Amino acid sequence: ADFVALKKCTYKNGRLDQACPQVGALQLRLQTRQRTAKLKEKMVTTLANLLESKTESTRLMAAASAEPHLGEVELRRALQRAWREEETPAIRALILRQLCRAPGANGGSLARGALASKVEQPAVVRAAAASCLGLARGKDRALAGQALRKVLGDKGDPDHAVRGDACEALGRLDDEAAVPALAAQLGTPEVAWRCATAMAALGGEKAYEALLSHTRSRVERGPLPAQQLRALASFSGQPFADQEALKKVLKLAAQGKDQKEETRAVAQAELARLK
């Protein structure tokens, strides 16, 4: 009944108004049902069944509500069936994200397949796949890194959101081999800040040198993302970081007429911190 009540909420293209009272009522009911084993078992079965609902908003909330119960075999299997059948891109992306978090599921291989599929997945699904690969562990990390670096290649994914998610995922993987691919994206305004942040997350001398080289060459030729300066300055405590070179770049950014106000402010703050 609580899922049926979601019909009163605004829903469009995989997006449900989370401020709708009926959403809150459903979430409260689900939390209450987790308190006893018998009710929780019934709830898991209900969620698994509702993933096959004909109503999009019901499938969306069933998939979203699965996260605390991804250890349940019944629900994981239902999510895998839903992945094969779901046609709404936003719901499909959500299901993939859940499978990536589910222990023992095949989320990683599904994500790699979504990025490499000859039958192109919608951008929202590809973005979810890229984010998913940032969660890879063990032997899957090498395969994930390879797939993500391919997304950033010259013949990689054309969508900036997908590329940005790929940059962030590579930063989480601690993949030093990704430095050249990340550095190559710094000239693309739509993703530069995310790739620079990923390089800071990677750390290491190679990431620092690549980020410093790009920032130094661009700082007087046009606007830079404020996050790129933060990422570069984050290396200041490393023994391999050239403090004077960092200060010079930050000073140029702080004084640059072509830089945005936020970028100049960040440059000034980082300069003050380095002093």
Side-chain angles (χ1 to χ4, degrees), residues 127 130-137 141-142 144-146 148-154 156-157 159-275:
S131 294
C132 168
L133 292 179
L135 303 174
R137 297 291 180 268
R141 291 171 71 90
Q146 183 179 3
L148 290 166
R149 292 195 299 273
K150 190 173 181 180
V151 168
L152 300 180
D154 292 338
D157 201 290
D159 188 89
H160 289 136
V162 179
R163 284 180 173 256
D165 283 343
C167 287
E168 186 176 322
L170 284 166
R172 292 200 300 268
L173 286 179
D174 194 25
D175 182 6
E176 191 178 72
V179 169
L182 291 168
Q185 300 301 306
L186 295 177
T188 305
E190 293 83 357
V191 299
W193 69 272
R194 299 188 71 184
C195 297
T197 302
M199 293 172 78
L202 285 176
E205 191 167 0
K206 289 183 178 179
Y208 161 73
E209 289 177 350
L211 188 55
L212 175 63
S213 175
H214 178 274
T215 308
R216 184 159 47 191
S217 68
R218 300 273 304 189
V219 69
E220 295 183 286
R221 294 162 46 196
L224 286 170
Q227 297 92 333
Q228 183 167 333
L229 292 179
R230 286 196 186 98
L232 179 60
S234 71
F235 286 94
S236 62
Q238 298 298 324
F240 50 75
D242 183 336
Q243 299 296 317
E244 292 307 314
L246 283 173
K247 290 178 182 178
K248 184 176 181 179
V249 169
L250 290 170
K251 186 175 181 179
L252 288 171
Q255 298 173 346
K257 295 180 180 179
D258 292 332
Q259 301 300 333
K260 294 181 179 179
E261 183 177 346
E262 180 188 5
T263 302
R264 291 198 298 271
V266 166
Q268 291 166 356
E270 293 295 343
L271 271 173
R273 183 177 65 83
L274 289 179
K275 292 178 181 178

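Small disclaimer: the values here were computed from a predicted structure and weren't measured.
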### Query
Do Arg264 side-chain atoms and Gln259 backbone N/O form a donor-acceptor pair below 3.5 Å?
yes
### Query
Restricting to pairs with a member in residues 229-275, which pass ring-ring contact (aromatic ring centres under 6.0 Å, His included), not counting sequence neighbours?
Tyr208-Phe235, Tyr208-Phe240
## Note on the structure
So CG of Leu274 and CD of Glu244: to nearest 0.5 Å the spacing works out to 9.5 Å
### Task
Enumerate the residue pairs fulfilling side chain to side chain donor-acceptor pair (under 3.5 Å) with a member in residues 196-206, sequence neighbours excluded, ordered by first and then second residue.
none
### Backbone of Ala210 reached by a side-chain donor or acceptor of Ser213 within 3.5 Å
no
#### Entry: Residues Asp175, Arg149: salt bridge by 4.0 Å N-O rule
yes
### Message
Nearest 0.5 angstrom please: Leu182 CG to Leu211 CG, how far?
### Response
10.0 Å
### Query
Any side-chain heavy atom of Glu176 sitting closer than 4.5 Å to one from Leu202?
no
#### Entry: Short side-chain to backbone donor-acceptor contact, Arg221 and Ser217, under 3.5 Å
yes
### Query
Under the criterion side chain to side chain contact (heavy atoms under 4.5 Å, CB included), which of Val219, Leu232, Val266, Leu229 is the partner of Leu250?
Leu229
### Query
Is Asp174 salt-bridged to Arg141, cutoff N-O under 4.0 Å?
no
### Contact check, side chains of Val249 and Leu252, non-hydrogen atoms, under 4.5 Å
no
### Task
Please confirm whether the backbone N or O of Glu168 pairs with a side-chain atom of Arg194, one donor and one acceptor, at under 3.5 Å?
no
### Task
For Gln243 and Ser236, test the side chains for any donor-to-acceptor distance below 3.5 angstrom and give the result as yes or no.
no
### Student check: side-chain heavy atoms of Glu209 and Val179 closer than 4.5 Å
no
### Message
Determine whether a donor-acceptor pair (N or O, by modelled atom type, separation under 3.5 Å) exists between the side chain of Arg172 and the backbone of Ser131.
### Response
yes
